[in-house]
Structures are given as C-alpha cells and as structure tokens.
A.B. asks: 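Got a structure for you, questions after.
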Amino acid sequence: MKMPSRVLTIAGSAAGGSAGIQADLKTFQELDVYGMSVVTALVAKHPDTKKNVHLQTIEAIEAQFATAVEQVGVDTIKVGMLFSKEIIVAVAKLIEQSSVQHVVVDPVMIGKMNSRLLAEDAIESLQEKLLPLATIMTPNMPEASLLLGGRTLTHVEDLKKAAVDLWKLGSKAVLVKGGRLSGPAVDVLYDGSSVTTFEVPRINTEHTSGAGCTYSAAITANLSKGSSIEKSIRSAKEFVSTAIEHGFSYTNVVGPTYHAGLRKQGLAYKVKVEK
Ligand code: PXL
C-alpha cells in the first residue's frame, strides 16, 4: 500500500465539531491523506461560557509541531485560527524552519456566530509574517476586505481586483471566496499571472458551519496529493458543495456542513485528483 500524504493542520479546536481542527481532520480522512494537528486554541461557543477562546501556550504549540514533524513528518501544512500576534509569529517561525512543500493559509478572523478568532492587533503580523509563506491563501469576503484596509466588496469584479491586490502581500496564489455574493457561489483565483473563476449553483441552506475550513482543508489535501492549484480548488469545491448539500442541524442553531457528503453519495472515489 502506498503511504498516504502527511498533512498537518495548525488551527483552533471547534467544540461543536463542524469547523477548525475537527473539520480539517474529518476532511483529510475523507480525502485519504494522513491528518495531524497542532491545536492553537480551544473555542467554545456556549452562551453560558464566560470566555469562549482559550489560547494554548507557545510551548504547547511548539511541542505539538515537533511531535508531528519528528514522529511522522509533514508534507503539507494548513493554517487556520491563530488568534494572537505571539502565536502568529511563533507559527511562522516553525513553518519557515520546516521544509514542507505547500502551506495553505486560511486567514480566519470572525466565526459565523460572530466569535472573534483573530485579535484586533494581530492582522499586521498575519500580513507580514504568515502570508508570504503561503502557496495559497483563502480569505472569504469579510477577511479579504479587512486585509485590504476595509475595502467594500460587492461584485465578482471587486473580488477579482481584491485577489490581485492581496497577491501583493506575498502568497503565491489567492483564492477569494464569494460565499456572501448574491447569485451563484463564485470564487476567484489569482496566481500571479491570470484570474480564474470557479462557479457552482448556490445551495439554499443556512447550515453551512465550517464550510470555509472544510473547503481550504480539501484544497490542502489535494495539493498534498500532487494536484495543481487550479485542480485542487475545482475538486475541493465539489467536495465542500456536497458537504453543504448534506448539511443539517441537530438543534436550532446553524448546523454543520457534513464532511462525509460525497461519500454518502457514493462519489468519494470519483473525485479523481489529476496532476
Ligand atoms: O469557521 C471558522 C472557524 C475556524 N476555526 C475555529 C472556529 C471557527 C468558527 O467557529 O471555531 C476554531
């Protein structure tokens, strides 16, 4: 048996199971890569909790990273919620010293239930330390807007311009996700030479918790398996769209995307990652 590609997510734990580390590991498993994790923070969203974000120490983050690198080895890294300046600087240093083939940065800032996932004073470190290390960054519209100093983004044309301008921050490619546009779900890729759009029909559901994490985790898995950036996105978009189609809610809050959607449809092995 060929050993699966090794993928490490550096992100927050989302207690509800739809986003963050949990979304990443479920997605990695569905896409047949070996998933590992460095937990940067524990996120709880219960209304009774006084504090929702519990940061891990730099020492704990470094120790988890060393475990993954030394005991397994890491081919590809996905970065999600880092929250603080100190964590961003430490994680950037760890990545710089490692020799991974791809780094996918999801510049997570604010959760769907409006929880703050990046400190207000941390955006500059994200821009300066982390984005230059990325093969691809995957902001949604509010994140792209904040990274561009609060620019208003309304139409696909705005997303195209945003992708070109965000590219100047040093990531090799930029995917701006147009989930909040009206009409079809359109994302825009700029890779330093051309703009490509990816479009699927919009699915009418509010149960999309974790969709962003799942999408970039699927891109990470595909890149790790050797696919090109464009093909990784195309295949990941199919994966996340099917996960959204199978979204549901156990209670009365916004429910999760279901990471096993594609497998439930018997399609998992039809998503061939082409080189
Ligand atoms: O969906 C963004 C996100 C990322 N990471 C963690 C989260 C969330 C959203 O809630 O909790 C840990």
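In listed order, ligands and their atoms are each counted from 1. Please read these numbers as outputs of a predicted model, since none were measured by experiment. Counting from 1, the numbers follow the sequence of the chain as shown.
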A.B. asks: Tell me whether Ser37 contacts the main-chain N or O of Ile21 through its side chain, where contact means a donor paired with an acceptor under 3.5 Å.
C.D. replies: no
A.B. asks: Within a distance under 4.0 Å of any heavy atom of Gly12, pick out the atoms of ligand 1 and give their elements.
C.D. replies: 12 (C)
A.B. asks: Between Leu117 and ligand 1, which part of the residue brings a heavy atom under 4.0 Å of the ligand: side chain, backbone, both or neither?
C.D. replies: side chain
A.B. asks: Between Glu143 and Asn140, is there a donor-acceptor pair closer than 3.5 Å when you use the side chain of the first and the backbone of the second?
C.D. replies: yes
A.B. asks: With sequence neighbours left out, what residues match Leu146 under side-chain contact (heavy atoms from CB on, under 4.5 Å)?
C.D. replies: Met109, Ile123
A.B. asks: Heavy-atom contacts with Ala14 under 4.0 Å: which atoms of ligand 1 show up? List them by number with element.
C.D. replies: 11 (O)
A.B. asks: Quick one: salt bridge (charged side-chain N to carboxylate O under 4.0 Å, His left out) pairs with a partner in residues 174-189, sequence neighbours left out?
C.D. replies: Asp106-Lys177, Asp187-Lys237
A.B. asks: For Cys213, take its heavy atoms, then give the atoms of ligand 1 lying under 4.0 Å from any of them.
C.D. replies: 1 (O), 2 (C), 3 (C), 4 (C)
A.B. asks: Closer than 4.0 Å to some heavy atom of Val108 - which atoms of ligand 1 meet that?
C.D. replies: 4 (C)
A.B. asks: Heavy atom under 4.0 Å from ligand 1: found in Ser209's side chain, backbone, both, or neither?
C.D. replies: neither
A.B. asks: Taking only Lys NZ, Arg NE, NH1 and NH2, and the carboxylate oxygens of Asp or Glu, determine whether Lys93 and Glu96 approach each other closer than 4.0 Å.
C.D. replies: no
